[in-house]
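Since we're looking at a predicted model, the values are computed, not measured.
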Amino acid sequence: MNALTAALKEELNVEMVSVFGLSIPESVVVSWGIMAFLVLGSILLTRNLRVEHITKRQAVLETVVTTINDFFVGLLGENGKRYVPYLVSVALYIGCSNLIGVFGIKPPTKDLNVTAALALMSIVLIEYAGIHARGGLGFLKSLAAPTPIMTPMNILEIAIRPTSLCMRLFGNVLGAFVIMELIKLVVPVFVPAVFSLYFDLFDGLIQTYVFVFLTSLFMKESIGDEE
């Protein structure tokens, strides 16, 4: 257990990287790399798009984009369509962050500061969506629904949501690491390698889906049923 404790402390430790003489958290530097990869990938995938006689690459790309857009619009409704680009961007970032562990790089989502920032951005957008859809007065009235006595609980719920999003993502990513370390203590090398692929690939994508799905549900609840 001493080995597990030492490994966990090392994993939780936020390492600093020197960039042009500045000490920057490793999670930030890795995030920059992920953003550069996503921007470059977007530029390459969207080059030479056509209206007619489209290429197979464009056909696949349009199918993927349409499927993702329909999924989120189905959750949010037409009023929430404007927030789909944010949700897709967050999904791509979290997905890449979780999958990057396959290449031996420490995922940024293992840094509590990163997951907290993602949760705060999401909750700010959720509450903005509610104010935009209902208006300022309508949003304030929703805090007193269904009865004024519930106002403190509704306000508390707003504070709990980012904590829930943050700790769920961080806890699941860290929990996968703890399980892997326990497996390494009791079984040969080959089996941990198989489980490592599972946690880095499948579980990482599941956590991405859960984060954006819950964000969408919270946003839909904030927007309300008005169309």
Side-chain angles (χ1 to χ4, degrees), residues 17-20 22 24-111 113-126 128-129 132 165 169 172-173 196-220 223:
V17 178
S18 180
V19 179
F20 300 114
L22 299 176
I24 301 174
E26 180 185 15
S27 57
V28 174
V29 176
V30 175
S31 293
W32 287 347
I34 292 173
M35 288 187 289
F37 168 77
L38 291 175
V39 170
L40 181 60
S42 299
I43 294 173
L44 293 177
L45 287 174
T46 56
R47 289 180 62 193
N48 302 321
L49 297 182
R50 306 172 184 173
V51 177
E52 297 180 347
H53 307 295
I54 64 175
T55 62
K56 292 182 179 180
R57 171 180 59 84
Q58 183 175 340
V60 172
L61 182 62
E62 289 181 359
T63 301
V64 172
V65 171
T66 301
T67 301
I68 294 174
N69 184 74
D70 291 345
F71 170 77
F72 283 113
V73 172
L75 284 175
L76 299 173
E78 287 299 320
N79 278 351
K81 194 172 183 178
R82 67 179 67 219
Y83 308 111
V84 172
Y86 168 79
L87 293 170
V88 175
S89 298
V90 169
L92 288 173
Y93 170 76
I94 296 177
C96 290
S97 295
N98 291 338
L99 296 178
I100 205 170
V102 175
F103 304 100
I105 301 173
K106 184 177 179 180
T109 43
K110 285 186 178 178
D111 185 349
N113 297 310
V114 172
T115 55
L118 289 169
L120 285 175
M121 286 193 302
S122 293
I123 203 64
V124 167
L125 188 62
I126 289 168
Y128 166 80
H132 184 273
L165 286 172
L169 178 60
N172 279 286
V173 173
S196 178
L197 283 176
Y198 166 80
F199 285 120
D200 287 337
L201 296 176
F202 182 75
D203 187 64
L205 294 176
I206 288 294
Q207 297 313 317
T208 301
Y209 173 80
V210 170
F211 186 93
V212 294
F213 182 73
L214 289 178
T215 301
S216 301
L217 288 183
F218 291 152
M219 189 174 295
K220 175 61 177 175
I223 292 174

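Contact check for N113 versus S27: no side-chain heavy atoms found under the 4.5 Å cut-off. Using a 4.5 Å cut-off on side-chain heavy atoms (C-beta onward), I105 and V30 make contact. The closest side-chain heavy-atom distance from I126 to Y83 is not below 4.5 Å. Contact of the N69 side chain with the V88 side chain is not registered, since no non-hydrogen atoms from C-beta on lie closer than 4.5 Å.
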Test V90 against T215 for side chain to side chain contact (heavy atoms under 4.5 Å, CB included), laying out the working first. CA-CA 10 Å; V90 169; T215 301; over 6 Å; no

Are L75 and K220 close enough, and set up right, to give a side chain to side chain contact (heavy atoms under 4.5 Å, CB included), and what steps lead you there? CA-CA 7 Å; L75 284 175; K220 175 61 177 175; over 6 Å; no

Walk me through whether D111 and T115 qualify under side chain to side chain contact (heavy atoms under 4.5 Å, CB included). CA-CA 7 Å; D111 185 349; T115 55; over 6 Å; no

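Taking all atoms of both residues into account, the shortest heavy-atom contact from M219 to L76 is CB-CD2, 3.9 Å. Scanning all heavy atoms of the two residues, the minimum distance from T109 to S97 falls at CG2-CB, 4.0 Å. Shown here for L169 and Q207, the closest heavy-atom pair between the two residues is CD1-CB, 4.1 Å. Of all heavy-atom pairs between I100 and P107, the closest is CG2-CA, 3.9 Å. What you find for Q58 and I54 is that their closest heavy atoms are NE2-CG2, 3.4 Å. A pairwise comparison of heavy atoms in A91 and T208 identifies O-CG2, 3.2 Å as the closest pair.
Residues meeting the ring-ring contact (aromatic ring centres under 6.0 Å, His included) test with Y128, sequence neighbours left out: H132.
Atoms CG and CZ, from L87 and F211 in turn, are 9.5 Å apart once rounded to the nearest 0.5 Å. Between C96 atom SG and F37 atom CZ the span is 5.5 Å, to the nearest 0.5 Å. The distance from the NZ atom of K56 to the CG atom of L61 is 16.0 Å, given to the nearest 0.5 Å.
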Please list every donor-acceptor pair under 3.5 Å in which a side-chain atom of residues 116-123 meets a protein atom from a residue at least two apart or in another chain.
unit_1	atom_1	unit_2	atom_2	d
S122	OG	Y86	OH	2.9
S122	OG	L118	O	3.1

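The side-chain hydrogen bond (donor to acceptor under 3.5 Å, both in side chains) analysis of residues 28-45, with sequence neighbours excluded, yields the pairs S31-Y93.
At least one donor-acceptor pair closer than 3.5 Å links the side chain of R57 to the backbone N or O of L45.
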